[in-house]
Visitor: 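Have a look at this one before I ask anything.
Chain letters run A, B, ... following the sequence lines, proteins first and then strands; every chain starts at 1.
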Amino acid sequence: MIFLVATCLKTGFSRISSLPLSSQSLTEGAVLAMTGRLSLICKNRIDSTYSRPSSMRLTRFFLPILRETPKEAEIVSHRLMLRAGMIRQEAAGIYAWLPLGLRVLNKINDIIREEQNRAGAIEILMPTIQSADLWRESGRYDAYGKEMLRIKDRHEREMLFGPTNEEMVTAIVRAHVKSYKDLPLNLYHIQWKFRDEVRPRFGVMRSREFLMKDAYSFDLDAEGARHSYNKMFTAYLRTFARMGLKAIPMRADTGPIGGNLSHEFIILASTGESEVFCHKDFLEKSAPEASIAFDDRTVMQGVFDDWTSRYAATSEMHDAQAFAAIAPSDQVSARGIEVGHIFYFGTKYSEPMHAAVNGPDGKETVLQMGSYGIGPSRLVAALIEANHDDNGIIWPDSVAPFKVGLANLKVGDAATDQACADFYEKLERAGVDVLYDDRDERPGAKFATLDLIGLPSQVIIGPKGIADGLVEVKDRRTGARDMLTPEAALNRLTA
RNA sequence: CGGGGUAUGGCGCAGUCUGGUAGCGCGGAAGUUUUGGGUACUUCAGGUCGUAGGUUCGAAUCCUGCUACCCCGACCA
């Protein structure tokens with residue numbers, strides 16, 4: 001907290017207050033500042049950055065749908081993302097995010113943010129471009145190899161496009177954190193990374209430029225670090241569950257990041273890249289409640305122990321004997337996609353970079369660190385891999401770009417236009433994101449479009465239904481269709 | 001980084017072998033028709049055939065260099 005206040009002041013409090021906050025939030029901010037909770041002013045500012053329009057008429061939107069599949073798209077998520085106009089490739093492994101894709105990406109980011117904040121992590125934003133000197137301190141400048149995109153500025157200074165941020169965040173913390181009283185600290189950001197993959201493929205599933213949420217924890221001792229690890233572990237379970245995904249934590253190799261404790265979070269999808277083996281119990285487990293005590297070490301360790309008590313491994317870490325010991329009816333052998341990876345690596349960076357604080361005993365103590373990654377851009381693809389059918393995408397409610405697709409089956413028919421406009425307005429007023437297909441198109445084209453972009457609910461309004469005072473509500477996932485009065489339809493969609 | 005391939009309108013493709021100045025489907029525009037699961041027809045617009053050079057009277061087509069992209073393998077959030 002002390003650290004946060006200091007940071008707000010240092011980064012220019014005047015700049016923050018000059019931003020166009022609403023008068024209400026400004027007042028709230030002022031009151032909070034007086035009560036000492038200055039950090040919330042920063043939060044207001046961050047939230048305002050992410051305000052975005054909710055509902056949209058398709059004729060005013062930018063949704064470049066493709067009827068045919070571009071030949072380069074190999075896997076279903078890549079095909080559907082291109083066809084649904086979510087992304088556009090700009091170079092190998094580099095994509096532009098179009099409106100529909102960006103909306104999903106932002107929804108994912110929102111969920112990640114909420115759960116990171118809930119677990120006590122604090123959002124920052126570090127740059128994409130870093131100085132080579134920083135990486136020389138940790139010794140990784142030479143170790144990282146060709147995956148690192150190295151660039152020079154006009155003064156011939158060596159720079160790089162960050163593939164990760166351990167060094168930078170360690171530099172930030174060592175500069176400002178001097179006392180054990182400032183700990184524990186967990187800083188995260190959601191920022192674009194670049195890893196110059198030899199062979200990018202599968203669209204945003206394995207791209208060179210990708211969005212990553214990376215959190216970094218700093219603790220005085222190993223016990224504290226372990227608790228930080230467990231908190232992130234729990235936050236991850238909640239994060240993925242909220243996206244409708246069954247994410248299974250699997251013990252992982254620490255790889256080039258180093259350390260001795262690491263878990264990958266794998267979601268099951270028939271088109272997943274890696275082979276995974278786990279106990280059937282994982283499929284039934286539900287994530288911890290939002291109200292769980294993140295600050296209680298015993299509780300957090302309990303979550304960790306519970307979720308790691310049964311067998312789960314990717315093919316690299318697979319122990320056939322241990323797996324065979326499970327009752328055959330409880331064995332699950334499937335394919336999976338890695339969507340998160342957490343590490344505890346102790347002093348691997350803090351030691352060489354001299355990130356230390358004075359402990360209660362007055363002695364200098366090197367910080368214990370961990371890092372925790374989630375790939376939001378990859379998650380967009382992973383979600384599609386896990387949620388689609390022959391007709392297109394099927395978004396889980398929590399990440400859907402719009403909740404409802406409203407199809408006007410006869411644009412130009414006064415009664416139909418009126419009914420659609422009414423319904424659109426009512427949904428909008430109820431706070432339900434709706435995409436209104438008001439194009440002058442054939443019904444078939446509208447059905448195909450809505451199925452392709454996968455909005456959870458479809459409301460279909462045409463002259464035939466109107467004559468009976470009814471609209472059709474279709475559930476994209478089940479395909480179930482019901483003829484309802486507009487009132488009943490509205491009730492169902494706002495429930 | 002090894003191996004294989006592709007490059008022709010926004011997308012998918014034919015034409016390349018056998019050189020003669022570019023075509024089909026989808027998409028786009030205009031219209032007629034149609035209207036509850038991608039309607040049919042008509043008309044129109046849109047391409048210096050990835051790029052640089054060479055051969056030739058003439059190059060999308062043959063030759064050489066370069067570039068980009070894709071696929072398989074090793075590697076990765």
Side-chain angles (χ1 to χ4, degrees), chain A residues 64-75 78-79 82-83 85 88-94 112 144-148 162-165 190-215 236 252-257 262-267 273-274 314 316 337-343 371-382 390-392 407-413 416 437 439-452 458-468 470-472 474 479 481 483:
Chain A
I65 285 181
L66 301 176
R67 196 160 173 170
E68 286 170 274
T69 306
K71 62 176 173 182
E72 75 268 17
E74 195 71 6
I75 61 169
H78 192 193
R79 280 204 298 269
L82 290 168
R83 284 201 55 212
R88 198 181 100 92
Q89 181 169 322
E90 299 300 338
I94 299 177
I112 292 172
Y144 219 91
K146 290 190 166 182
E147 289 224 325
M148 179 184 277
T164 177
N165 285 67
I190 299 178
Q191 178 63 290
W192 294 95
K193 305 288 191 296
F194 195 94
R195 292 183 192 169
D196 200 355
E197 297 276 345
V198 186
R199 191 186 158 210
R201 56 184 141 171
F202 305 146
V204 297
M205 184 77 82
R206 186 176 304 162
S207 48
R208 291 196 293 172
E209 186 182 62
F210 58 98
L211 192 60
M212 182 159 132
K213 183 288 298 181
D214 37 332
Y236 276 35
D253 201 10
T254 52
I257 294 182
S262 174
H263 286 85
E264 289 180 9
F265 286 76
I266 305 275
I267 64 162
E273 292 181 85
S274 46
T314 58
E316 304 94 62
I337 300 168
E338 182 185 352
V339 290
H341 203 157
I342 61 178
F343 303 85
S371 76
Y372 316 90
I374 294 179
S377 50
R378 165 180 279 193
L379 263 171
V380 176
D390 290 345
N391 295 322
N408 181 336
L409 293 193
K410 190 161 187 177
V411 170
D413 178 81
T416 310
D437 189 347
R439 296 173 303 167
D440 187 9
E441 281 288 346
R442 301 262 314 168
K446 299 198 174 193
F447 296 138
T449 298
L450 284 180
D451 282 352
L452 173 63
Q458 300 174 6
V459 176
I460 297 151
I461 299 182
K464 287 187 187 172
I466 299 260
D468 301 326
L470 300 174
V471 301
E472 183 180 318
K474 177 181 153 186
R481 305 188 218 179
M483 295 302 293

Visitor: I need the CD1-P distance between I266(A) and rC76(B), as an integer number of Å.
Guide: 13 Å
Visitor: Specify the separation, in whole Å, of atom OH of Y236(A) and atom P of rA77(B).
Guide: 12 Å
Visitor: Considering all heavy atoms of both residues, which atom of R208(A) and which atom of A92(A) are nearest to each other, and what is their separation?
Guide: NE-O, 2.8 Å
Visitor: Which value, in whole Å, describes the distance between the P atoms of nucleotides rC44(B) and rC24(B)?
Guide: 12 Å
Visitor: Does rA7(B) have a Watson-Crick or wobble mate here (both distances under 3.5 Å), and if so which one?
Guide: rU67(B)
Visitor: Just to be sure I understand the rule, does R481(A) reach a base, reach only the sugar-phosphate, or reach nothing, if contact means heavy atoms closer than 4.0 Å?
Guide: base
Visitor: Take the protein atom CZ of F447(A) and the nucleotide atom P of rU39(B), then report the distance between them rounded to whole Å.
Guide: 12 Å
Visitor: Using atom C1' of each nucleotide, how far apart are rA22(B) and rU61(B) to the nearest Å?
Guide: 11 Å
Visitor: Rounding to the closest angstrom, what is the interatomic distance between rG54(B) and rC13(B) at atom P?
Guide: 33 Å
Visitor: Look at the side-chain N and O atoms of R206(A) and state whether any lies under 4.0 Å from the OP1 or OP2 oxygen of rC76(B).
Guide: no
Visitor: Applying a 4.0 Å non-hydrogen cut-off, can you work out what T416(A) is touching in the nucleic acid: base, sugar-phosphate, or nothing?
Guide: nothing
Visitor: Given rA77(B), rU35(B), rA74(B), which nucleotide is nearest the side-chain atoms of M212(A)?
Guide: rA77(B)
Visitor: Identify which nucleotide among rC70(B), rG36(B), rA74(B) has an atom closest to any side-chain atom of P443(A), counting heavy atoms from C-beta outward.
Guide: rG36(B)
Visitor: If we ignore angles and hydrogens, is there a donor and acceptor under 3.5 Å between the side chains of D214(A) and Q191(A)?
Guide: no
Visitor: Between C1' on rG36(B) and CE on M483(A), what's the gap in Å once rounded to a whole number?
Guide: 9 Å
Visitor: Over all heavy atoms of both residues, which pair between G373(A) and M212(A) is shortest? Give the atoms and the distance, please.
Guide: CA-CE, 4.5 Å
Visitor: Counting side-chain heavy atoms from CB outward, which of rC75(B), rA77(B), rC70(B) is closest to E338(A)?
Guide: rA77(B)
Visitor: Distance from R201(A) atom CZ to E74(A) atom CD, nearest 0.5 Å?
Guide: 10.0 Å
Visitor: Regarding A448(A), tell me which of base, sugar-phosphate or nothing describes its non-hydrogen contacts under 4.0 Å with the strands shown.
Guide: base
Visitor: Which nucleotides of nucleotides 6-12 of chain B have their base under 4.0 Å from a protein heavy atom (B), which only their sugar-phosphate (S), and which neither (-), written as one string 5' to 3'?
Guide: S----BS
Visitor: Across all strands, who's sitting opposite rG20(B) as a Watson-Crick or G-U wobble pair, both distances under 3.5 Å?
Guide: rC57(B)
Visitor: Between rC11(B) and rG4(B), how far is it from one P atom to the other, in whole Å?
Guide: 28 Å
Visitor: Roughly how far, to the nearest 0.5 Å, is CG of D437(A) from NZ of K446(A)?
Guide: 4.0 Å
Visitor: Just compare rG36(B), rU39(B), rC69(B) and give me whichever is closest to any side-chain atom of R442(A).
Guide: rU39(B)
Visitor: Tell me what E472(A) touches on the nucleic acid: a base, only sugar-phosphate, or nothing, going by heavy atoms under 4.0 Å.
Guide: base
Visitor: Looking only at heavy atoms, which two atoms of P163(A) and M148(A) are closest? And how far apart?
Guide: CG-CE, 4.2 Å
Visitor: Looking at A215(A), is its backbone amide N or carbonyl O close enough to the side chain of S371(A) to form a donor-acceptor pair, meaning the two atoms are under 3.5 Å apart?
Guide: no
Visitor: Compare every heavy atom of T416(A) with every heavy atom of L409(A), then report the nearest pair and how far apart it is.
Guide: N-CG2, 4.5 Å
Visitor: For R195(A) and Y144(A), which heavy atoms make the closest approach, and how far apart are they?
Guide: NE-OH, 3.7 Å
Visitor: Assign D451(A) to base, sugar-phosphate, or nothing according to its heavy-atom contacts below 4.0 angstrom with the strands shown.
Guide: base
Visitor: Base, sugar-phosphate, or nothing: which does G373(A) touch, judged by heavy atoms less than 4.0 Å apart?
Guide: nothing
Visitor: Can you tell me how far P of rA29(B) sits from CG of D440(A), to the nearest Å?
Guide: 11 Å
Visitor: To the nearest 0.5 Å, tell me how far I460(A) CD1 sits from L470(A) CG.
Guide: 13.0 Å
Visitor: For R201(A) and rC76(B), give me the distance from atom CZ to atom C1', rounded to whole Å.
Guide: 10 Å
Visitor: If I pick the P atom on rU56(B) and the same atom on rC70(B), what distance separates them, to the nearest angstrom?
Guide: 38 Å
Visitor: Taking rG23(B) as the reference, what is the distance to rU48(B) when you measure between their P atoms (whole Å, please)?
Guide: 14 Å
Visitor: In whole angstrom, give me the gap between the C1' atoms of rG47(B) and rG73(B).
Guide: 37 Å
Visitor: Between G465(A) and E264(A), which has a closest nucleotide on RNA chain B that is more 5'?
Guide: G465(A)
Visitor: Tell me: CG of L82(A) to P of rC69(B), nearest whole Å?
Guide: 15 Å
Visitor: For H78(A) and for V339(A), find the nucleotide of RNA chain B with the closest heavy atom, then tell me which residue's nucleotide is more 5'.
Guide: H78(A)
Visitor: rA14(B) and rC57(B): how far apart are their C1' atoms, nearest whole angstrom?
Guide: 28 Å
Visitor: With heavy atoms under 4.0 Å as the rule, sort K213(A) into base, sugar-phosphate or nothing.
Guide: nothing
Visitor: Between K446(A) (NZ) and rG37(B) (P), how many Å, whole number?
Guide: 14 Å
Visitor: Return the nucleotide paired to rG73(B): Watson-Crick means purine N1 to pyrimidine N3 with N6-O4 or O6-N4, wobble means G-U with N1-O2 and O6-N3, both under 3.5 Å.
Guide: rC1(B)
Visitor: Considering only heavy atoms and no angle criterion, is a donor-acceptor pair shorter than 3.5 Å present between the side chain of K474(A) and the base of rG37(B)?
Guide: yes
